[in-house]
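Every heavy atom of this structure was used, including side-chain atoms; hydrogens, water molecules and symmetry mates were not.
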Amino acid sequence: MGHESNASREQTGLRVLVITAVAAERDAVLRGLRGDARFDVVTGGVGPAASAASAAKALAAAGYGLVVSAGIGGGFPGRAEIGSLVVADAIVAADLGAETPEGFRSVDELGFGSSRIAVDASLAARLTEALQRAGLPAHTGPVLTVSTVTGTAATASELAARVPGAAAEAMEGFGVAAAARDRGLPVLELRAISNAVGPRDREAWRIKEALDALEAAGAILLEVLR
C-alpha cells in the first residue's frame, strides 16, 4: 500500500485498488503504473478465497472508486493467444456449482445465487480499445475463475462449452469482484496470457512475455484513467 495522504489522493482523482495474486504480477503492474499515487497494488494470494479476503480487507481500510483484478492467466485457443491481453466483459466462477448425473449445474441453475459478476462495461471497452491502439494484441470476453487450473483438452472443451466465448482462465477474478460488489464498486479484470488453456505443458508457458505484456497494459490503464 502507498503512504500518500487521503487529501493528496483526492486531488489526483479516481483512487484505484489493484489486486494481483503474486509478487511478480504486482511488480509488473507497478512498473507500468510508474508510481502514480492514485493506485494501490496489493498482492492478494492465489485463488478466489484469498483474493476475496485480501480485497475486502483493503477496501475496508480506505476509499476507492474502482477495483481491478490483474495478473497472468491461460488463454482459450482461438480466443486469446500467448502474449496477448484479455479484458473481461464478464467475470465468471466457472466451477461454482454441482456435479449431477446430467452434468455440471451452476449455482444459477441450482437457484443458489449467481456465478457471474458484471464489469464496468464502458471502462472495459475503453481499455480494450486503448490497448489495441497502442499496438498490443488485446481481446475481450468472459474471464473464468477456477479453483483448479485446467490441465486437459477435455476440461478446456467443457469450460468453453459451459461459458460461450470464454477468453481466459485465472484463479482470482471472481473473489476480487465479489468483494468489490459487496462495496458497490465497479470492477475490471485484466489478464496477460502466459499459456493455452488445455493440456498442461510448462515448457510451452511464456511467463516472462506475459509479465512484460502486463507491464505494458499497466501503462495503458494509467492513461485511460487520467
Side-chain angles (χ1 to χ4, degrees), residues 1-2 15-30 32-33 38-75 80 85-97 106-107 112-120 123-124 127 141-151 159 163 166-195 197 205 207 210-211 213-215 217-218 221:
M1 303 284 285
R15 188 173 181 186
V16 183
L17 175 66
V18 182
I19 302 287
T20 70
V22 298
E25 295 168 326
R26 177 200 63 203
D27 294 346
V29 173
L30 284 171
L33 294 175
R38 295 171 297 163
F39 295 81
D40 285 327
V41 186
V42 175
T43 303
V46 175
S51 63
S54 297
K57 180 179 178 181
L59 290 172
Y64 294 96
L66 174 68
V67 183
V68 181
S69 176
I72 65 175
L85 294 154
V86 173
V87 179
D89 64 11
I91 299 171
V92 183
D95 54 8
L96 184 61
S106 70
V107 291
F112 296 152
S114 177
S115 61
R116 183 178 291 251
I117 295 177
V119 302
D120 184 319
L123 186 53
L127 177 57
V143 175
L144 310 190
T145 299
V146 295
S147 295
T148 302
V149 172
T150 299
L159 289 173
V163 184
E169 167 190 280
M171 301 179 74
E172 293 79 32
F174 192 84
V176 174
R181 180 178 60 183
D182 186 61
R183 290 269 168 175
L185 294 173
V187 65
L188 294 177
E189 184 168 7
L190 172 65
R191 293 289 161 184
I193 303 305
S194 61
N195 59 279
V197 176
W205 289 19
I207 292 177
L211 291 173
L214 188 61
E215 177 181 347
L221 178 64

Results of side chain to side chain contact (heavy atoms under 4.5 Å, CB included) for Val149 - residues two or more places apart only
Glu169, Met171, Arg200
Applying side chain to side chain contact (heavy atoms under 4.5 Å, CB included) to Asp182 and not counting sequence neighbours gives none
Non-hydrogen side-chain atoms of Val42 and Ile19 separated by less than 4.5 Å
yes
Residue list, side chain to side chain contact (heavy atoms under 4.5 Å, CB included) with Val29, at least two apart or on another chain:
Val18, Thr20, Leu33, Val41, Ala70, Leu214
Would you give the length of the straight line joining atom CZ of Phe174 to atom CZ of Arg116, rounded to the nearest 0.5 angstrom?
10.5 Å
From Arg181 CZ over to Ile117 CD1, what is the distance, rounded to the nearest 0.5 angstrom?
4.0 Å
Least distance between heavy atoms, Asp95 atom then Ser147 atom:
OD2-N, 3.0 Å
What are the two closest non-hydrogen atoms of Ala213 and Leu85, and how far apart are they?
O-CD2, 3.7 Å
Of all the heavy-atom pairs spanning Ala177 and Ile91, show the shortest one and how long it is.
CB-CD1, 3.8 Å
Between side-chain atoms of residues 49-57 and protein atoms elsewhere (two or more places apart, or another chain), which donor-acceptor pairs fall under 3.5 Å?
residue: Ser51; atom: OG; partner: Gly47; partner atom: O; Å: 3.0
residue: Ser51; atom: OG; partner: Pro48; partner atom: O; Å: 3.1
residue: Ser51; atom: OG; partner: Glu172; partner atom: O; Å: 3.1
residue: Ser54; atom: OG; partner: Gly44; partner atom: O; Å: 2.8
residue: Ser54; atom: OG; partner: Ala50; partner atom: O; Å: 3.1

To check you understand the geometry: which heavy-atom pair defines the closest contact between Ala179 and Leu59, and what is its length?
O-CD1, 3.7 Å
Just verifying a value: how many Å separate Asp40 CG and Tyr64 OH, rounded to the nearest 0.5 Å?
3.5 Å
Mind checking the CG-OG1 spacing from Leu159 to Thr150? Nearest 0.5 Å is all I need.
4.5 Å
Shortest non-hydrogen contact from Ser194 toward Ile72
OG-CD1, 4.0 Å
What residues form a side-chain hydrogen bond (donor to acceptor under 3.5 Å, both in side chains) with Ser69, not counting sequence neighbours?
Arg191
Any idea which heavy atoms bring Pro142 and Val92 closest together, and the distance?
CB-CG2, 4.3 Å
Taking it one step at a time, do Val197 and Leu144 satisfy side-chain contact (heavy atoms from CB on, under 4.5 Å)?
CA-CA 11 Å; Val197 176; Leu144 310 190; over 6 Å; no
Among residues at least two apart in sequence or on other chains, which ones pass side chain to side chain contact (heavy atoms under 4.5 Å, CB included) with Ala80?
Ser84, Val86, His139, Ile193
Check against side-chain contact (heavy atoms from CB on, under 4.5 Å), Leu211 and Glu25:
CA-CA 7 Å; Leu211 291 173; Glu25 295 168 326; 4.2 Å; yes
Please identify each residue that fulfils side-chain hydrogen bond (donor to acceptor under 3.5 Å, both in side chains) with Arg26, with sequence neighbours left out.
Thr43
For a side chain to side chain contact (heavy atoms under 4.5 Å, CB included) with Leu66, tell me which candidate from Leu17, Val187, Leu185, Leu123 qualifies.
Leu123
